[in-house]
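Data block below; observations after.
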Protein chains: 2
Amino acid sequence: MFSQAEENYLKALVQLIHFRDQGNEVGTNELALYLNVKPATANDMLKKLREKSLVSYVKYGKISLTTEGQKAGMDVVRKHRLWETFLVEKLDFTWDEVHEVAEQLEHIKSKKLVNSLDDFLQNPKFDPHGDAIPDREGRILIPYQRLLSEVSIGKSGKVVSVKDNSNSFLQYADKIGVRIGGMIEVAGRESYDGQTTLRVENKDHTVSDKFCMNIHVVCPTCKLGKDCSKNDCSF
Amino acid sequence: MFSQAEENYLKALVQLIHFRDQGNEVGTNELALYLNVKPATANDMLKKLREKSLVSYVKYGKISLTTEGQKAGMDVVRKHRLWETFLVEKLDFTWDEVHEVAEQLEHIKSKKLVNSLDDFLQNPKFDPHGDAIPDREGRILIPYQRLLSEVSIGKSGKVVSVKDNSNSFLQYADKIGVRIGGMIEVAGRESYDGQTTLRVENKDHTVSDKFCMNIHVVCPTCKLGKDCSKNDCSF
DNA sequence: TAATAAAGTTAGGTAGACCTAACAAAAAAT
DNA sequence: ATTTTTTGTTAGGTCTACCTAACTTTATTA
Ligand SMILES: [Mn+2]
Ligand SMILES: [Mn+2]
Ligand SMILES: [Mn+2]
Ligand SMILES: [Mn+2]
């Protein structure tokens with residue numbers, strides 16, 4: 001199997017390369033910064049992981065994970081997020097206390113343990129921070145996103161991404177408090193032209209339909225939308 | 001805190017020095033053998049632990065734990081046994097599958113985690129192998145032992161130790177299948193002279209009262225005897 | 001385009017936890 | 001009381017995962 005250090009690098013690479021919407025090019029320095037080590041150390045490890053066919057990169061080039069490397073990294077993410085869920089659901093930890101401990105627990109080596117834990121927790125799809133938990137094959141559930149313009153009146157959504165990246169759009173969004181990770185409630189919508197009243201950070205703003213068509217949101221609690229059986233599902 | 005290796009040595013020392021009825025003198029070779037390392041390695045570590053005031057020993061002398069070292073070792077034992085209990089009680093592991101995983105889990109560093117786990121499991125007093133779980137102060141519950149001669153007819157006990165160590169006694173005990181860790185049921189007892197019928201490994205043997213007065217047994221399920229509230233308690 | 005800055009690499013070094021081989025002390029057997 | 005065996009110690013070496021300092025390549029800016 002892999003050492004604790006190797007696992008941390010593989011997980012970091014999955015996170016930097018695959019779990020970010022933009023700028024998924026990753027270099028030695030960025031990886032080192034992310035893991036709180038020096039670039040020289042990260043460089044050593046990259047060479048080692050290349051030997052083991054877990055990453056693929058050439059000197060001075062950008063880093064990518066092989067299929068095998070990605071699978072291994074996903075597995076660490078899976079374990080991390082399952083343990084976080086365990087700590088919150090079963091041991092009454094709060095969401096901000098779990099990370100440090102999960103950072104250790106994610107390295108326990110036992111297939112049976114992980115899968116039993118998964119079942120014990122009733123195969124959760126998202127961890128306490130709302131991040132998707134990869135299944136045993138490393139597959140991840142993409143949260144059910146919808147455009148803010150399609151959210152019904154009275155419902156709320158959590159912003160996950162924006163389509164428009166122009167300065168005017170971003171500055172406007174920022175001005176009314178709309179940011180990635182933030183909550184928006186659709187307080188009202190005019191049927192005549194789609195003028196929409198959004199409640200953001202306890203303040204109401206009337207915006208155009210065009211604006212709403214550029215914002216992706218998910219259900220803040222389950223992230224699953226349509227197929228979700230939870231009774232507090234927003235979608 | 002302590003490194004994983006240090007913790008393994010401390011736990012081993014607690015086990016060799018304090019959790020054995022006889023022969024609690026421990027040397028470098030025995031420690032090394034127990035931990036599957038070479039004597040030279042154990043010697044290195046002992047010097048390191050002495051520096052840290054966790055063990056106390058002189059060159060060529062026997063090893064003992066300081067108060068601090070014993071506390072630290074007990075804590076590892078506590079974690080090991082709590083995790084074993086978790087695996088069996090909550091994740092449906094069998095008693096023979098838990099050791100290897102607990103060997104890893106015992107090194108997770110988080111006071112809150114251990115204590116929450118303890119509560120989640122409802123503060124168990126014994127692990128799946130029947131070994132006592134130290135409490136947060138490192139105190140251990142001594143199982144409630146009684147002499148086989150005091151066990152009521154129909155009840156069963158698990159052998160934990162013998163008083164007589166003569167060859168004739170041990171050979172006799174061996175012949176009828178009585179060994180440490182084994183089960184004995186008191187099938188009958190003659191009120192005239194205490195002649196007792198024992199059921200061992202599905203065979204009946206009639207033995208003297210004198211024989212029964214040399215065998216210590218505990219309740220095989222709870223080990224607590226009198227004060228135990230479990231309805232399958234044998235005592 | 002040349003100068004400067006940023007990013008990435010290499011060489012050489014440390015600490016922890018292990019090893020082998022040679023040696024010394026203590027215990028057991030003759 | 002020697003010899004032999006067992007037990008314990010030391011010296012010196014490996015491997016992993018870090019580090020610093022010097023250097024090279026690539027990217028940015030003047
Ligand atoms: Mn980690
Ligand atoms: Mn998380
Ligand atoms: Mn261990
Ligand atoms: Mn046990």
Side-chain angles (χ1 to χ4, degrees), chain A residues 1-13 16-17 20 22-65 69 72-73 76 103-104 106-109, chain B residues 1-13 16-17 20 22-65 69 72-73 76 103-104 106-109:
Chain A
M1 272 302 145
F2 308 111
S3 74
Q4 205 150 313
E6 285 168 345
E7 287 191 343
N8 282 335
Y9 281 90
L10 291 169
K11 187 184 66 159
L13 287 171
L16 293 171
I17 297 172
R20 284 198 310 191
Q22 70 269 70
N24 45 357
E25 294 262 278
V26 181
T28 313
N29 281 8
E30 194 185 1
L31 179 59
L33 189 74
Y34 188 84
L35 287 168
N36 286 305
V37 296
K38 300 297 162 192
T41 305
N43 190 283
D44 283 352
M45 183 57 93
L46 285 169
K47 283 193 275 190
K48 191 173 155 202
L49 293 175
R50 181 174 50 193
E51 281 315 294
K52 295 191 172 191
S53 305
L54 294 166
V55 308
S56 141
Y57 90 115
V58 289
K59 223 165 132 172
Y60 296 108
K62 291 301 170 187
I63 307 158
S64 67
L65 284 160
V76 184
E103 203 57 48
Q104 302 174 57
E106 71 192 2
H107 302 293
I108 304 293
K109 274 152 196 67
Chain B
M1 274 301 147
F2 308 112
S3 74
Q4 204 149 314
E6 286 167 343
E7 287 191 343
N8 282 335
Y9 281 89
L10 292 169
K11 186 183 65 158
L13 287 171
L16 292 171
I17 297 172
R20 282 197 313 190
Q22 70 270 72
N24 45 358
E25 293 263 277
V26 181
T28 312
N29 281 7
E30 196 187 0
L31 179 60
L33 190 74
Y34 188 84
L35 288 168
N36 286 304
V37 296
K38 300 298 162 193
T41 305
N43 191 286
D44 283 353
M45 183 58 92
L46 284 170
K47 284 192 275 189
K48 193 174 153 201
L49 293 175
R50 181 175 50 194
E51 282 314 296
K52 294 191 171 190
S53 305
L54 295 165
V55 309
S56 142
Y57 92 114
V58 290
K59 221 165 135 175
Y60 296 107
K62 292 301 170 187
I63 307 158
S64 67
L65 285 160
V76 183
E103 204 57 48
Q104 302 173 57
E106 71 192 3
H107 302 292
I108 303 295
K109 272 151 198 69

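Every chain is numbered from 1 and lettered A, B, ... according to where its sequence line falls, protein lines coming before strand lines. Keep in mind the model is a prediction, meaning the values are calculated, not measured.
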Side chain to side chain contact (heavy atoms under 4.5 Å, CB included) against B:N8, all qualifying residues, sequence neighbours excluded: B:L35, B:E103, B:E106, B:H107
task: Could you tell me whether B:E6 and B:R50 make a salt bridge, using a distance below 4.0 angstrom between a side-chain N and a carboxylate O?
output: no
message: Distance check needed: C:dC18 C1' versus B:N8 CG, whole Å only.
response: 13 Å
task: Starting from P on D:dT16, measure out to CD on B:Q4 and report it in whole angstrom.
output: 17 Å
- request: Would you mind listing every salt bridge (charged side-chain N to carboxylate O under 4.0 Å, His left out) that reaches into residues 34-47 of chain B, with sequence neighbours excluded?
  value: none
message: Restricting to side chain to side chain contact (heavy atoms under 4.5 Å, CB included), what partner residues turn up for B:S56, sequence neighbours left out?
response: B:S64, B:T66
- prompt: Can you name the residues that form a salt bridge (charged side-chain N to carboxylate O under 4.0 Å, His left out) with B:K62, not counting sequence neighbours?
  reply: none
task: Look at B:T41 and C:dC19 and indicate whether a side-chain polar atom (N or O) is within less than 4.0 Å of OP1 or OP2.
output: yes
Enumerate all atom pairs, one protein N or O and one N or O from nucleotides 4-10 of chain C, separated by less than 3.5 Å.
unit_1: C:dG8; atom_1: OP1; unit_2: A:K62; atom_2: NZ; d: 3.2
unit_1: C:dG8; atom_1: OP2; unit_2: A:T28; atom_2: N; d: 3.4
unit_1: C:dG8; atom_1: OP2; unit_2: A:N29; atom_2: N; d: 2.9
unit_1: C:dT9; atom_1: OP1; unit_2: A:Y60; atom_2: N; d: 3.0
unit_1: C:dT9; atom_1: OP2; unit_2: A:T28; atom_2: OG1; d: 2.9
unit_1: C:dT9; atom_1: OP2; unit_2: A:N43; atom_2: ND2; d: 2.2
unit_1: C:dT9; atom_1: O5'; unit_2: A:N43; atom_2: ND2; d: 2.8
unit_1: C:dT10; atom_1: OP1; unit_2: A:K59; atom_2: NZ; d: 3.0
unit_1: C:dT10; atom_1: OP2; unit_2: A:K47; atom_2: NZ; d: 3.0

- prompt: Nearest-Å distance, CZ (A:F2) to P (D:dT16)?
  reply: 15 Å
- request: Would you mind reading off the distance between B:M45 atom CE and C:dC19 atom C1', rounded to a whole angstrom?
  value: 14 Å
message: Just to verify, what does B:Y34 make a side chain to side chain donor-acceptor pair (under 3.5 Å) with, not counting sequence neighbours?
response: B:Q15
- request: Rounded off to whole Å, could you give me the CD-to-P distance for the A:E6 and D:dC18 pair?
  value: 11 Å
- request: Could you state the atom-to-atom distance from NZ of B:K38 to C1' of D:dG12 in whole Å?
  value: 18 Å
